[in-house]
Peer 1: 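Just dropping this structure here.
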Amino acid sequence: DDTGRLAGFSDEYLKVNPRTQPIQQVPCEVKTLDAVAVEMGMEHIDLLKIDVEGFEFEVLKGAGRILGKTTAVIIEVSLVRNVGTSSPLVEMLDRLARHGFLIVNAIPSLFDPDESWKPREFNILARRGMKSP
């Protein structure tokens, strides 16, 4: 079970997930979701799953066009990997709402080992409003 991160791991994340240890750096090409959608000729996405290990805000920055043509999104949001973001969960919920999504659920998926009640990651399910027939 490997974990990758484009921007490295914060000390707080390593505390919450002690099995993760930086061992290797691999160069990779990064493309925006909008660019990938154009390359693949995608005009609509029914369900978009985003699980990018703390890079979710950057993915959304590069997905402005295709998000407007997406019906539903499941996105993992880390509270300990988003450096420079004071309230990642609130900011993500707000950003999804600004893109026209309704939040269906936010489910905690990783908890602090020292404070088992304290969520450190969430999976958010959001969808577009249903149109009346």
Peer 1: Is there side-chain contact between E76 and E56, with at least one heavy-atom pair below 4.5 Å?
Peer 2: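 No, every pair of side-chain atoms sits at 4.5 Å or beyond.
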Peer 1: For the atom pair CD1 (I74) and CG (D51), what is the distance rounded to the nearest 0.5 Å?
Peer 2: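 Interatomic distance, I74 CD1 to D51 CG, rounded to 0.5 Å: 10.5 Å.
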Peer 1: Is the closest side-chain heavy-atom distance between F122 and P88 below 4.5 Å?
Peer 2: no
Peer 1: Let me confirm one number: the CD-CZ distance from E115 to R120, rounded to the nearest 0.5 Å.
Peer 2: 8.0 Å
Peer 1: Taking side chain as C-beta onward, heavy atoms only, is I124 less than 4.5 Å from L89?
Peer 2: yes
Peer 1: How many angstroms lie between CG in L48 and OG1 in T71, if you round to the nearest 0.5 Å?
Peer 2: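 So the CG of L48 and the OG1 of T71 are separated by 10.5 Å.
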Peer 1: Between R128 and F101, is NZ or CZ placed under 6.0 angstrom from the six-membered ring centre and within 45° of the ring axis?
Peer 2: yes
Peer 1: Testing the basics here: between L96 and A126, what is the closest heavy-atom pair and its distance to 0.1 Å?
Peer 2: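 It is CD1-CB, 4.2 Å.
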Peer 1: With a 4.5 Å cut-off on side-chain heavy atoms, are I66 and V36 touching?
Peer 2: no
Peer 1: Do I50 and F55 have side chains that approach each other closer than 4.5 Å (heavy atoms only, starting at C-beta)?
Peer 2: no
Peer 1: For the residue pair G64 and D34, what are the closest heavy atoms and their distance?
Peer 2: N-OD2, 3.2 Å
Peer 1: Kindly compute the distance separating CE (M42) from CG (L33), expressed to the nearest 0.5 Å.
Peer 2: 6.5 Å
Peer 1: If we check side-chain contact (heavy atoms from CB on, under 4.5 Å) with V73, which of these qualifies: L67, L60, I45, L47?
Peer 2: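 Considering L67, L60, I45, L47, a side-chain contact (heavy atoms from CB on, under 4.5 Å) with V73 is found only for L67.
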Peer 1: Starting from V59, can I reach L125 by hopping between I/L/V/M/F/W/Y residues whose side chains sit under 4.5 Å apart?
Peer 2: no
Peer 1: Apply the test side chain to side chain contact (heavy atoms under 4.5 Å, CB included) to residues V38 and R65: give CA-CA distance (whole Å), side-chain angles for both, the deciding distance (0.1 Å), then the verdict.
Peer 2: CA-CA 10 Å; V38 167; R65 185 190 75 77; 3.8 Å; yes
Peer 1: What's the spacing between N105 CG and I107 CD1 if we round to 0.5 Å?
Peer 2: 4.5 Å
Peer 1: Taking all heavy atoms of T32 and all of G62, pick out the closest pair and write down the distance.
Peer 2: CB-O, 3.3 Å
